[in-house]
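The structure appears right after this line, and notes come after that.
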Amino acid sequence: MRKVKDILKRCNVINVVGDEDRTIEAMTFDSRKAADNMAFFALKGTQVDGHDYMPKAIEQGCSVVVCEKLPEDVKETVTYYVVDNSAKALGYAASEFYDRPSEKIRLVGVTGTNGKTTIATLLYRLFSNAGYPCGLLSTIENRINSVVVPSTHTTGDQLQINELLSRMVDAGCEYAFMEVSSHAIDQDRIAGLCFEGGIFTNLTHDHLDYHKTVASYRDAKKKFFDNLPDKAFALTNLDDKNGMVMLQNTKALKKTYSLRTDADFKGLVLESYFDGMEMKVNGKNLTTLLVGRFNASNLLAIYGAASLLGMSDDDLLKEISKLQSAPGRFQMVHSEKGVIGIVDYAHTPDALKNVLDTINEIRTHNEVLITVAGAGGNRDAAKRPEMANVAVTRSDRLIITSDNPRFENPDDIISQMRSGVGGEYYNRALCISDRREAIRTAAALAKSGDIILVAGKGHENYQEINGVKHHFDDVEELNNALNEK
């Protein structure tokens, strides 16, 4: 049992109505999970307002409510804490409830449009392989040392994050690497966390269905760096025009990485192949199993962060050379007939451009490059024609297909993508709504030496249609299509 006034001690409490000496066993912001000895936090969401569900939470047994405004019907049996920001209060309260776990572990956050999963996952692997107990919070999975905890969001909610960090501390983890999404920053899901470092990758067209403008999206990322403490480091990508913006108001130690210009961590790609790269990092030769300039940039971020966390150059170069790509990130699928298959999570115009540019830099251009791509439903629709245009101008054939249509008609999404294909490229594009059939068609068209890129879903093992997730794995489907007897 914890005293409510103790877990709210770092929150801006404006008013308290009721017994201030209450204790609780748990917290929730979901009225469906409300029960006795629980505090209910009324959060203002994008779709619903938790204040509307205070009566239900009380009815189900909650005797403590944390809210931004008192209800008209104040119950004498309930204690109400009025705060300026319920979401932020939940973050600080969750941190206190779990005894501030982020202060007992070296927590590094990674934010940006692309590269978050790769950088967080490979930092986790790098430190784990070097013998350090580690935790990971990512899009693909969460890990407590070698124990896998399923992941549902890029960044969990305030309670999930602190509970996982607490378990990491209990398991002896010294480091934790965490993807930090713009949604999570904007919704104060990381409030109350103590970061040892922050990494900015890049900022390109994505999530404008939520943020509305690029400036708002950028400022959400910047807020993460603005709030870093002076004992932390802020590592940013100089090759992105927003890189230095992230550092403008931070109190943290400012560090940079770049493939193009002088930086604290400077990289140069020497040779690229489909199974790796030769590059220089701060003048030292490095061989890596990762592919492409975008991964060279990711490796610089990894190298820089590990160096700032105290790992020696010799250990770093040795461990980085062993790293393999995160699942669904430029993942190779080989066929018996000599076709090269690649599955990648690229689901933004910039990510798709990076992957296709990498393929075009390595290929001989005597072969055919076939791209299979779609766009998710109920998400930023403005990027759909742009994605198709990026794909068709960098491929010999494009098959536009369904991604996760969610509650949209997949043919409508495909039609919007098709609008981005015009002029001389029009006949290069083919529309096949069924994603499995689209992948099988690409495999049927490909001859020995040709290349197939299946983009958009990467590590995901489902396809979401009308609220139902059906098993679907791009790697599995491409492997089956390429290697059918």
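Keep in mind it's a predicted model, so treat the numbers as computed, not measured. As a basis for the values below, the full set of heavy atoms in this structure was taken, side chains included, without hydrogen atoms, waters or symmetry mates.
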Exercise for the section: Dump the intermediate steps for side chain to side chain contact (heavy atoms under 4.5 Å, CB included) on D99 and R2, then the final yes or no. Expected result: CA-CA 11 Å; D99 296 319; R2 299 294 302 271; 3.6 Å; yes
Practice task
For N202 and D350, test the side chains for any donor-to-acceptor distance below 3.5 angstrom and give the result as yes or no.
Solution key: no
Exercise for the section: Decide whether T201 and N237 meet the rule of one side-chain donor and one side-chain acceptor closer than 3.5 Å. Expected result: no
Practice task
Classify the side-chain pair N404/K457 by whether it contains a donor and acceptor separated by less than 3.5 Å.
Solution key: yes
Exercise for the section: For residues 467-483, pull every pair meeting salt bridge (charged side-chain N to carboxylate O under 4.0 Å, His left out), keeping only residues two or more places apart or in separate chains. Expected result: R435-D474, R436-E477
Practice task
Check whether NZ of the Lys or CZ of the Arg K222 lies under 6.0 Å from the centre of the six-membered ring of Y217 and within 45 degrees of that ring's axis.
Solution key: no
Handout entry: Backbone N/O of T256 and side chain of D264: donor-acceptor pair under 3.5 Å
Key = yes
Problem - Residue pairs passing the ring-ring contact (aromatic ring centres under 6.0 Å, His included) test where at least one lies in residues 373-394, sequence neighbours excluded - result: none
Problem - Aromatic centroids of Y124 and F177 separated by under 6.0 Å - result: no
Problem - Check: R260 side chain, D239 main-chain N or O, donor-acceptor pair, under 3.5 Å - result: yes
Which side-chain N or O atoms in residues 302-317 pair as donor and acceptor under 3.5 Å with protein atoms at least two apart or in another chain?
{"unit_1": "Y303", "atom_1": "OH", "unit_2": "D313", "atom_2": "OD1", "d": "2.9"}
{"unit_1": "Y303", "atom_1": "OH", "unit_2": "D313", "atom_2": "OD2", "d": "3.3"}
{"unit_1": "S312", "atom_1": "OG", "unit_2": "D315", "atom_2": "N", "d": "3.3"}
{"unit_1": "S312", "atom_1": "OG", "unit_2": "D315", "atom_2": "OD2", "d": "3.3"}
{"unit_1": "D313", "atom_1": "OD2", "unit_2": "K284", "atom_2": "NZ", "d": "3.2"}

Handout entry: R329 side chain to H459 side chain, donor-acceptor N/O pair below 3.5 angstrom
Key = yes
Handout entry: Between T287 and E278, a side-chain donor and acceptor under 3.5 Å
Key = yes
Handout entry: Test side chain to side chain contact (heavy atoms under 4.5 Å, CB included) applied to S335 - qualifying residues, sequence neighbours left out
Key = K337, V339, L482, N483
Exercise for the section: Show your working on side chain to side chain contact (heavy atoms under 4.5 Å, CB included) between D240 and F200 and close with a plain yes or no. Expected result: CA-CA 9 Å; D240 187 280; F200 172 72; 3.9 Å; yes
Practice task
Would you please say whether a donor-acceptor pair under 3.5 Å links the side chains of N285 and K280?
Solution key: yes
Practice task
Kindly say whether I413 contributes a backbone atom to a donor-acceptor pair with the side chain of Q416 at under 3.5 angstrom?
Solution key: no
Practice task
Verify whether one side chain among T213 and R218 offers a donor that lies under 3.5 Å from an acceptor in the other.
Solution key: no
Handout entry: Short side-chain donor-acceptor distance under 3.5 Å, N298 and N295
Key = yes
Exercise for the section: May I ask you to check whether K33 and T28 show a side-chain donor-acceptor distance below 3.5 Å? Expected result: no
Practice task
May I ask you to say whether E174 pairs ionically with R106, meaning some side-chain N is under 4.0 Å from a carboxylate O?
Solution key: no
Problem - Non-neighbouring partners of T121 that pass side chain to side chain contact (heavy atoms under 4.5 Å, CB included), sequence neighbours left out - result: T117, R125, L136, S138, A326
Exercise for the section: Specify whether Y132 and Y175 have parallel, tilted or perpendicular ring planes, treating 30° as the upper limit for parallel and 60° as the lower limit for perpendicular. Expected result: perpendicular
Handout entry: Contacts of F195 that satisfy ring-ring contact (aromatic ring centres under 6.0 Å, His included) - sequence neighbours left out
Key = F224
